[in-house]
Amino acid sequence: MTQHSSRILVLGGTGKTGRRIVDRLREREVDVRVGSRSADPAFDWEDPATWAPALRDVSAVYVSFYPDLAVPGASAAIEAFTEAATSAGVQYLVLLSGRGEEEAQVCERIVADSGIAWTVLRASWFSQNFSENFLVGPVLEGEVVLPVGDIPEPFVDTDDIADVAVAVLTEDGHNGRIYELTGPRLLTFADAVAEIGAAAGRHIDFVPVGADDYAVVLKEAGLPQDDIDFLIYLFTTVLDGRNAHLEDGVRQVLGRAPRDFADYARATAAAGTWNADAS
């Protein structure tokens, strides 16, 4: 094991990437602490008083900020947490960041200027957003309505993100690196929905709408305005074509190709996640 193999704190340890990282680290018998509001000690981004207990006796941290580094106030929270981590003696920070998000890159610079070892994992849109997030309901209902057109996205599998994170947390040679993590293929959202339908064995419509109309739909569904503003930002700014290219961060770290969206769709369909009667 390496210098980063002492106790590792995984923030967002019950989330899409965090719980996968926790499972993998435990399989390697690495001492891991789950960072979540339900853990003991608890960790809550909105309660800085919980940070010091969670950071006690920790040598490395996987930093996943909720809900996203692009939201207002994220950079201030990352700056305060980074200071708390360095004061607690943390030696290494691995930041989960987002491709094409200027606000996220501000947070990246804060971590890079911390004076301790760091690595940034800059990920594209998660494949698992269709099965573990707000899009699973529309998929089950047979109609996915989104304010995005024919802009392709290199969807990345969260299992790949977890594999990369575990590698950089337990191996040397990744200090000061920014790895852009994408899938191996560009797909539009319509393409992705069609592949999900094919894997699930049923027809699922994809309906593009304008951002204003989508905001109305979200408001009628009862989403808080901050959540609505964030989703509109993602679809109208981050998904404007700036990320419509592939990168090889997964191969750089793991020496293998990233998982294809079709493989994700088949495995998720086989698990019954998108069965029409699952709703």
Side-chain angles (χ1 to χ4, degrees), residues 12-28 64 96 98-99 121-167 179-208 231 234-235 238-239 243-279:
T14 58
K16 282 193 291 297
T17 62
R19 74 172 186 274
R20 289 172 164 87
I21 293 167
V22 168
D23 288 345
R24 285 159 169 76
L25 290 172
R26 284 176 172 165
E27 288 171 2
R28 294 179 176 221
S64 175
L96 178 65
R99 295 182 82 215
L121 307 182
R122 194 183 284 167
S124 57
W125 189 281
F126 297 175
S127 299
Q128 277 74 8
N129 284 333
F130 289 100
S131 54
E132 300 176 21
N133 206 320
F134 71 104
L135 292 177
V136 66
V139 170
L140 288 169
E141 293 164 6
E143 183 179 82
V144 177
V145 179
L146 291 173
V148 64
D150 293 330
I151 300 298
E153 173 73 10
F155 296 93
V156 66
D157 196 295
T158 54
D159 282 312
D160 282 343
I161 298 172
D163 286 343
V164 168
V166 168
Y179 294 112
E180 294 218 20
L181 308 181
T182 75
R185 186 163 53 105
L186 291 169
L187 297 91
T188 65
F189 275 77
D191 294 334
V193 169
E195 293 204 12
I196 289 170
R202 59 192 185 86
H203 180 73
I204 304 170
D205 288 317
F206 175 76
V207 182
L231 288 171
L234 283 181
F235 283 109
V238 177
L239 292 172
N243 292 328
H245 58 277
L246 306 178
E247 295 290 347
D248 65 348
V250 172
R251 185 176 293 279
Q252 287 179 51
V253 177
L254 302 177
R256 63 164 176 79
R259 190 181 186 201
D260 190 79
F261 188 88
D263 296 326
Y264 152 76
R266 284 191 291 268
T268 305
T273 304
W274 295 317
N275 288 351
D277 58 2
S279 58

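Keep in mind that the numbers below use all heavy atoms, side chains included, and drop hydrogens, waters and symmetry copies.
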Q.
Checking Asp205 now: which residues fulfil salt bridge (Lys or Arg N to Asp or Glu O under 4.0 Å) with it, not counting sequence neighbours?
A. none
(Q) Has Trp274 got a side-chain atom pairing as donor or acceptor with Phe130's backbone, closer than 3.5 angstrom? (A) yes
(Q) Checking the side chain of Asp191 only, and the main-chain atoms of Thr188 only, is there a donor and an acceptor separated by less than 3.5 Å? (A) yes
Q. Between Val156, Leu187, Asn243, Leu234, which is the residue that forms a side chain to side chain contact (heavy atoms under 4.5 Å, CB included) with Trp125?
A. Leu234
Q. Is a donor on one side and an acceptor on the other found under 3.5 Å between the side chain of Ser127 and the backbone of Phe261?
A. no
Q: On the 0 to 90° scale, with breaks at 30° and 60°, tag the Phe235-Phe134 ring pair as parallel, tilted or perpendicular.
A: perpendicular
Q. Got a donor-acceptor contact below 3.5 angstrom from the Ser124 side chain to the Leu181 backbone?
A. yes
Q: Could you pull out all residues at least two apart from Glu195 that satisfy salt bridge (Lys or Arg N to Asp or Glu O under 4.0 Å)?
A: Arg185
Q) Of all residues at least two apart in sequence or in a different chain, which pass the salt bridge (Lys or Arg N to Asp or Glu O under 4.0 Å) check with Arg251? A) none
Q: Could you tell me which residues satisfy side chain to side chain contact (heavy atoms under 4.5 Å, CB included) with Gln128, sequence neighbours excluded, listed by chain and number?
A: Lys16, Arg20, Ser131, Glu132, Asp157, Thr158, Asp159, Arg259, Tyr264
Side-chain donor/acceptor pairs under 3.5 Å, residues 142-152, sequence neighbours excluded:
none

Q | Under the side chain to side chain contact (heavy atoms under 4.5 Å, CB included) test, residues paired with Ala167 that sit two or more places apart | A | Glu171, Val253, Leu254
